[in-house]
Protein chains: 2
Amino acid sequence: MVQINKSEKIYEDLKMRILKGEFDENQILPIEKSLELEYNVSRNTIRKAIRQLNSEGLVYSKLGSANVVLQRVAVEDLLIDSGNMERGSKIQTKSNETKVLSLDLIIVDATLAAKSMFQIGTTCYHVIRLRLINGKPVMIDDSFFKSEVVPRLTKKIAQESIYRYIQSVTNHKIIGSRLVDRVILATDLDKNYLALKQENCIGLTQNWAYLDDGQIFEYTEIHFAPEQYVRTRFIGQKVGYIQ
Amino acid sequence: MVQINKSEKIYEDLKMRILKGEFDENQILPIEKSLELEYNVSRNTIRKAIRQLNSEGLVYSKLGSANVVLQRVAVEDLLIDSGNMERGSKIQTKSNETKVLSLDLIIVDATLAAKSMFQIGTTCYHVIRLRLINGKPVMIDDSFFKSEVVPRLTKKIAQESIYRYIQSVTNHKIIGSRLVDRVILATDLDKNYLALKQENCIGLTQNWAYLDDGQIFEYTEIHFAPEQYVRTRFIGQKVGYIQ
DNA sequence: ACTGATTTGTTCGTATGTATC
DNA sequence: AGATACATACGAACAAATCAG
């Protein structure tokens, strides 16, 4: 069991209680004062937990009134919650396998530099991997890793976990990714590997991954078969903002 | 000028300073103590502002070390930042137009109930709207609104702003949306209106919109032409989480 | 490699503001 | 109009990770 702090524990507990339907009757949480007493913490700690519930779209804090529990959507349980990848996605629980299609050491040219944000002349590994879940091909990772960060990358390492490898050979942590999602025409590679049906398009996710020194060390284009491409998120409306 | 609070002002200011490149040399912010003095506020207020920068992927707070400014990605300035829709998207600044293709009053059946989360038997408006930006068709909104929330909806209202109408006739605020993005085969409607080229797919965003009492009042399927469909987000890595 | 100083992280208590009931 | 409940802000203490000598 991981040791987490009070606000995190309270967040997890309240989330569980919400999803179990404990507050379905009135659709509001108990007032903050009573949560203080119940969990025996300060109001700030309660508020920190509720802030997390707000950002996930489980609760709306209504000034002067209450912390309102939002109506749930049926599909959401089935989906990988992209707004919550930090906690590990549900995909992890399934059997998955990686097939390395190619691995080359290359020098960054102008075209790649513009996309990847790597400097021209940088040496990096170009890795193409096919990802299978329960034996079914679901995505292709077309990746570039700064060789400085993953020295002596091999197919074997790429097949296991490059991230684990990085964290074992560097002092740096991987702290997050900036993602851009698009829909594009399928490439020949996609058609060969992704078992597309009628569709001639795929979901593309561009991924710039960061180390804790603030630098991008990886640029990946993830190609998804359409039915595999699903994203969920919650967006709070700014007061006064009108569509 | 909107009146915003201290932490929000500091957040905006730091963001502007980051984007102007003020911290590019060391790629870190001044320490919190000196920001306290500079802005003449408490440390908590500084930390609240920095927390916002963290969630947007502009800064990574490194325990025991510094608030690291993350390397920027070139494309991000060009895009609608979906993680920041609360502040209004850039799309707003362009000239846009809405064409109402149809408007009907219907009763929710089992199929629609399952998707929309409306109860079977609810009366609602079914509205299909074509959205144009700078004269170019970019998306189709296939929407269902609870008639209880938008009584006497007309084509004229739908062409202007349904949201503005709602906020004028109800006591309730619109507080946010849960979104699910997918890639699907284009329908005939899409092919007719979205000026697709070779592509036979579109980007689909399902949108459940909430009122401040926690209830869903709108379900919309937004159909995007592929080149119009772009999403950006930042996902922080949970410590110990390995791909 | 160790120690002390520095810096961010969490929590507490309190006061005051603002919207709602 | 008064009470209630969430929002913002301050100051302080201590923990945990990092950094500098």
Side-chain angles (χ1 to χ4, degrees), chain A residues 2-12 14 23 26-55 59-70 86 167 170-173 175 211-214 236 238-240, chain B residues 2-12 14 23 26-55 59-70 86 167 170-173 175 211-214 236 238-240:
Chain A
V2 225
Q3 183 56 31
I4 51 176
N5 53 38
K6 293 187 191 182
S7 65
E8 189 84 3
K9 267 189 204 125
I10 294 167
Y11 155 76
E12 297 284 0
L14 285 175
F23 310 112
N26 298 319
Q27 289 285 123
I28 59 171
L29 295 183
I31 66 166
E32 293 174 358
K33 182 71 200 166
S34 79
L35 290 173
E36 268 183 64
L37 299 173
E38 181 179 346
Y39 287 104
N40 193 32
V41 295
S42 74
R43 179 154 172 246
N44 280 337
T45 303
I46 294 293
R47 288 184 57 73
K48 195 170 177 184
I50 292 176
R51 213 182 297 133
Q52 252 179 290
L53 296 170
N54 264 275
S55 74
V59 163
Y60 171 68
S61 297
K62 196 171 168 184
L63 175 56
S65 172
N67 287 300
V68 179
V69 177
L70 299 190
E86 313 102 89
Q167 314 226 25
T170 350
N171 290 323
H172 290 301
K173 269 189 253 182
I175 56 118
L211 294 180
D212 65 357
D213 60 359
K238 165 118 172 162
V239 184
Chain B
V2 222
Q3 182 57 29
I4 51 176
N5 55 37
K6 291 187 189 181
S7 68
E8 190 83 2
K9 269 189 203 125
I10 293 166
Y11 156 75
E12 297 284 1
L14 285 174
F23 310 113
N26 299 319
Q27 289 285 123
I28 58 172
L29 295 183
I31 66 166
E32 293 173 0
K33 182 71 200 162
S34 79
L35 290 174
E36 269 183 63
L37 299 173
E38 181 179 345
Y39 288 105
N40 193 31
V41 295
S42 73
R43 181 161 166 238
N44 279 336
T45 303
I46 294 293
R47 288 183 58 73
K48 195 170 177 183
I50 292 176
R51 213 180 299 132
Q52 250 179 291
L53 296 170
N54 264 274
S55 73
V59 163
Y60 171 69
S61 296
K62 197 172 170 183
L63 173 56
S65 173
N67 288 299
V68 179
V69 177
L70 299 190
E86 313 102 272
Q167 315 227 26
T170 350
N171 291 324
H172 290 302
K173 268 188 251 181
I175 56 119
L211 294 180
D212 65 357
D213 60 358
K238 166 118 171 161
V239 184

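The sequence lines fix the lettering, A, B, ..., with proteins before strands; numbering per chain opens at 1. Remember, it's a predicted structure, so these values are computed and weren't measured experimentally.
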Report summary line: Whole-Å distance, A:L35 CG to C:dT11 P, equals 15 Å
Report task. With the side chain of A:N44 defined as its heavy atoms from C-beta on, choose the nearest nucleotide among C:dT11, C:dT7, C:dG13. Result -> C:dG13
Report task. Please answer whether the main-chain N or O of A:V59 pairs with a side-chain N or O of A:N67 as donor and acceptor at a distance below 3.5 Å. Result -> no
Query raised in the report: Taking CD1 from A:I46 and P from C:dT10, how many angstroms apart are they, rounded to a whole number?
Result: 16 Å
Requested in this report: Please find the earliest and latest nucleotides of DNA chain D, in the 5' to 3' direction, that have an atom within less than 4.0 Å of any heavy atom of chain A.
Outcome: D:dA5 to D:dA9
Query raised in the report: When B:S42 is tested against each of B:T45, B:N40, B:N44 for side chain to side chain donor-acceptor pair (under 3.5 Å), which residue passes?
Result: B:T45
Report task. Go through the N and O atoms of the side chain of B:R43 and the base of C:dG9, and report whether any donor-acceptor pair is under 3.5 Å. Result -> yes
Query - Shortest non-hydrogen separation from A:A66 to A:I28 and the atoms involved - result: CB-CG2, 3.8 Å
Report task. Have a look at A:K33 and say if it touches a base, only the backbone sugar-phosphate, or nothing, with a 4.0 Å heavy-atom cut-off. Result -> nothing
Requested in this report: Looking only at non-hydrogen atoms, find the nearest pair between B:I46 and B:Y39 and report the distance.
Outcome: CD1-CD1, 4.0 Å
Query raised in the report: To the nearest Å, how far apart are A:Y39 OH and C:dC12 P?
Result: 14 Å
Query - Between C:dG13 (P) and A:E36 (CD): distance, integer Å - result: 8 Å
Query raised in the report: OP1, OP2 of C:dT10 versus side-chain N and O of A:T45: anything below 4.0 Å?
Result: no
Query - Length of the line joining B:R47:CZ and C:dT7:P, which is rounded to integer Å - result: 14 Å
Query raised in the report: Could you give the NZ-to-P distance, from A:K9 to C:dT10, as a whole number of Å?
Result: 13 Å
Query raised in the report: Is any NZ, NE, NH1 or NH2 atom of the basic residue among B:E36 and B:K33 found under 4.0 Å from an Asp or Glu carboxylate oxygen of the other?
Result: yes
Report summary line: Rounding to 0.5 Å, atoms CD1 (B:I10) and CD (B:Q52) come to a distance of 11.0 Å
Report summary line: Those residues at least two apart in sequence (or on a different chain) that pass side-chain hydrogen bond (donor to acceptor under 3.5 Å, both in side chains) with A:D213 are none
Within the sub-3.5 Å range, which N or O atoms of nucleotides 19-21 of chain C have a protein N or O partner, and how far apart are they?
none

Query raised in the report: What pair of heavy atoms forms the shortest contact from B:A49 to B:Y11, and how long is it?
Result: CB-N, 3.6 Å
Query raised in the report: At their closest point, which heavy atom of B:N54 faces which heavy atom of B:S61, and how far apart are they?
Result: ND2-OG, 2.8 Å
